[in-house]
Amino acid sequence: MNRFIDKKYVSLKAYIPGEQPRDKKYIKLNTNESPYPPSPAVLEAVNSNEAAELRLYSDPTSKRLKTAIAEYLGVGEDMVFVSNGSDESLNFLFMAFCEKGAAFADITYGFYKVFAELYGKKMNIIPLKGDFTIDTDKFAESRETLFIANPNAPTGIFLPLAEIEKLLLSNRDRLVVVDEAYIDFGGESAVSLLGKYDNLAVVQTFSKSRQLAGARIGFTVASPEITAGLEKIKYSTNPYNVNRLSELCGTLAMKDRAYFDKTRNMIIKTREKTKKELAARGFEVTQSDANFLFVKCPYCSGRDFYEKLKERGILVRYLGGERAEDYVRVTVGSDGEMDSFIKAADCIKKETQKI
Ligand SMILES: *Cc1c(COP(=O)(O)O)cnc(C)c1O
């Protein structure tokens, strides 16, 4: 019991990030980072001159970055809100856009529940269907602000835009937040719906498909009205939310379309190859449009699979929970990393079949 923290936070269960162990070198397939370095333009720009500029505050409007994002998406700059990771966008959306509470799936990004509890918002947790797809009818019937990770995490399953549109139409006075952390790996972005619907907010990140997880850059695209609301919350909490170096890196990464396309295509190719190899060995894998696979080991429990991989120097994420206890989430790394993962899976298969 903490003597000084406000009572209402004593029982708060915080988000637990994936392990970042330092005890030995692992093949890290547990936090959906990119196996590739940032764009060469980014590597070149981060130099001692830029570091010297750190004595100055960052641009509170993140103007260059905002312009680059708006140009890339073909939307107005007044529709782009730049944040410190997409987690900060989500933080503000839970804080200030959930008057009637928040509805989200039982198996989805774990932070939604943490934010809802942090802000004391009413929660409506809607179970995924048996095949791990989103129950759009139940979502449509609900009254709360909707949070849909699309593709969903940790399943990787993409919900077609026609379904998102049904949710937008189900109540045009209710906000629908689509968290597109993994959209660049195969799905279709809901940004194209923003011209038609002003009750939509699309959240994206530079962490998964632009090699900048450590720079902490995310953004929300929404109507100018929603964007202005998010700006208001930002200026009431942390006006310089994106640091100078990150803003520079994000701008350059956004402008390097060729590198972005090359790396995301490599990951998609590796994902499909890994999926086939797993299926050939009897592992069950969901249809993923993300940079990870949700894998069920037929030979041992999810926790055992996680632990046996870790013993072999491979880190994956075991999330547990009643419906996902047989599964682990495996980030798609480089071809070489995935070869090591498949080899380890083969050994585990042999070992567990003997017992
Ligand atoms: C990784 C992830 C985020 C957070 O990303 P950051 O931009 O690094 O804060 C948000 N939503 C989902 C579904 C994610 O998987």
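As the structure lists them, so they are numbered: ligands from 1, and atoms in each ligand from 1.
Aromatic pair F294/Y327: centroids less than 6.0 angstrom apart.
Remark: of the listed residues E77, E71, E247, E247 is the sole one forming a salt bridge (Lys or Arg N to Asp or Glu O under 4.0 Å) with R64.
Counting only heavy atoms from C-beta outward, the side chains of T274 and I342 approach each other to under 4.5 Å. Contact annotation: the side chain of L128 approaches that of I134 to within less than 4.5 Å [non-hydrogen atoms, C-beta and beyond].
Note on K166 versus E163: salt bridge recorded, some NZ/NE/NH1/NH2 to OD/OE distance being below 4.0 Å. Between D87 and R216 there is a salt bridge, since at least one side-chain N of the basic residue sits less than 4.0 Å from a carboxylate O of the acidic one. Between E144 and K122 there is a salt bridge, since a side-chain N of the basic residue sits under 4.0 Å from a carboxylate O of the acidic one.
Contacts of S86 with ligand 1, taken as heavy-atom pairs under 4.0 Å, involve both backbone and side chain. Only the side chain of D179 comes within contact range of ligand 1, with a heavy atom under 4.0 Å; no backbone atom does.
Using a 4.0 Å cut-off to heavy atoms of G85, the atoms of ligand 1 that qualify are 7 (O), 9 (O). Every atom of ligand 1 with a heavy atom of S207 under 4.0 Å away is listed here by number and element: 6 (P), 7 (O), 8 (O).
The closest approach between F206 and ligand 1 stays at or above 4.0 Å for every heavy atom of the residue. Heavy atoms of R216 approach ligand 1 to within less than 4.0 angstrom. Under a 4.0 Å heavy-atom criterion, G218 is not in contact with ligand 1.
At the top of the distance list for atom 15 (O) of ligand 1, counting protein heavy atoms only, stands Y182 OH, 2.5 Å.
Aromatic ring orientation, Y112 versus Y109: perpendicular (interplanar angle above 60°, classes split at 30° and 60°).
Where the criterion is an N or O separation shorter than 3.5 Å, residue side chain and backbone included, Y112 fails it with respect to ligand 1. By the 3.5 Å distance cut-off applied to N or O atoms, Y109 is not counted among the residues near ligand 1.
Ranked by closest heavy atom to atom 3 (C) of ligand 1, the top entry among K208, E180, R329, E33 is K208.
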